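So the structure is just underneath, and the comments pick up after that.
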Amino acid sequence: MLNLIRMNLFKMVHTKSIIVVFAVLMVFSNISSCLTADESQEMVKDIQKGEVTLYSSDDLSASFGIYVDTPVRSDGTLKEYVYVYCSDLNSGLLLLFILIGAVLFFRGDEKNGFIKNIAGQTKHKYNILLSKLVAVGVYTFVCMLCYMLIGYLSFATGVALVDGGISFGIEYLPEAIKIFALQYLLYMAFISGLLLITEVTKSTAVGITAGSFGIMGFGMLFVTISQKVFNTDFDISKYYINTNISKVNMDAGADIIKFALVIGIVYFIIYNALNILWFSKKDIV
């Protein structure tokens, strides 16, 4: 098992598509920081003039598209960087890049036939799946961490802020770590579901498309249709992984955190149990 994990990690860092996705993500982190800083400065000026109203992410969580909160308080002061970063985490932007790399990697060796060469050398076929899942977990963690470092470097060096840097927010670090860990769990649960879709359909395009639609909020169409068909106000979207991702931020209440934790654990276990079952039964060789 350890050899399989090391092999997959080696393959991951030498896969061109993964390198390209990671590089684009790092560039996007810098661009995102610059755009956020520019918008924040303009918003600060508008707040001082009394010409703007701030909205919370909760006001947008049920809408289509990807949104990022501008890190400006109601009094016109900038929030610390941990708020900016956590806002990026719950916006779905980072997850979109990560899932593309994860799906490409997961299907890569099956397309080129490499997996057939090692399938007969493992005691259980699902060990191949688990080792790849560990590699994807490492990739996800590294992407999340490096996105934060590049983004803060952009702010701290004044690249993003013309008139100075922004405080990281060390005093908020314990809560930020808690949000990071919970979002990591939700990300891995979401990606596990996409990997299942990718394996069942044997299509990279289907996995990436399904993930993109999920992040963009197209699942709300199912909510609207089911409510009209069954004449009910029951909102199934609160059980969606992406809905809980959008609600987990630095200001989230304990009830939101606990509910998201349960959702992440349940979906992660169910998806990967199905992944193991499917991978164990499918014909590789």
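Source: prediction; values computed, not measured.
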I want to check something: taking the side chain as every heavy atom from C-beta on, are [X] and [Y] in contact at a cut-off of under 4.5 Å?
X	Y	result
Met144	Ile98	yes
Leu9	Arg6	no
Cys146	Met26	yes
Leu95	Phe190	yes
Phe168	Leu173	yes
Ile100	Ile208	yes
Ile191	Leu133	no
Ile245	Gln183	yes

What are the two closest heavy atoms between [X] and [Y], and how far apart are they?
X	Y	answer
Thr243	Ser237	OG1-O, 2.8 Å
Ala260	Val248	CB-CG2, 3.6 Å
Glu80	Glu171	OE2-OE2, 4.0 Å
Leu94	Leu89	CD2-CD2, 3.5 Å

Ring pair (Phe, Tyr, Trp, His ring centres under 6.0 Å): pairs with one or both residues in residues 234-265, sequence neighbours excluded: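 Checked against ring pair (Phe, Tyr, Trp, His ring centres under 6.0 Å) - neighbours excluded - the pairs reaching residues 234-265 are Tyr239-Phe259.
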
Can you check whether [Y]'s main-chain N or O pairs, donor with acceptor, with [X]'s side chain at less than 3.5 Å?
X	Y	value
Asn30	Gly151	no
Thr15	Ile18	no
Asn272	Ser192	no
Thr140	Val136	yes

Working for side-chain contact (heavy atoms from CB on, under 4.5 Å), residues Asn242 and Ile215: CA-CA 6 Å; Asn242 62 298; Ile215 292 173; 5.5 Å; no

Phe97 ring center near Phe28 ring center (under 6.0 Å):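 Phe97 vs Phe28: aromatic centres under 6.0 Å.
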
Centroid-centroid under 6.0 Å between Phe180 and Tyr187 rings: no

Residues which pass side-chain hydrogen bond (donor to acceptor under 3.5 Å, both in side chains) with Tyr147, listed by chain and number, not counting sequence neighbours: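 Result, side-chain hydrogen bond (donor to acceptor under 3.5 Å, both in side chains) vs Tyr147: Asp88.
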
Aromatic plane relationship, Tyr172 with Tyr83 - under 30° parallel, 30 to 60° tilted, over 60° perpendicular: perpendicular

Parallel, tilted or perpendicular: rings of Tyr85 and Tyr81 (30°, 60°):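 It falls in the parallel class, under 30°.
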
Asp251 CG to Ile256 CD1 distance, which is reported to the nearest 0.5 Å: 10.0 Å

With Phe106, the side chain to side chain contact (heavy atoms under 4.5 Å, CB included) member among Leu129, Leu194, Thr198, Thr204: Leu129

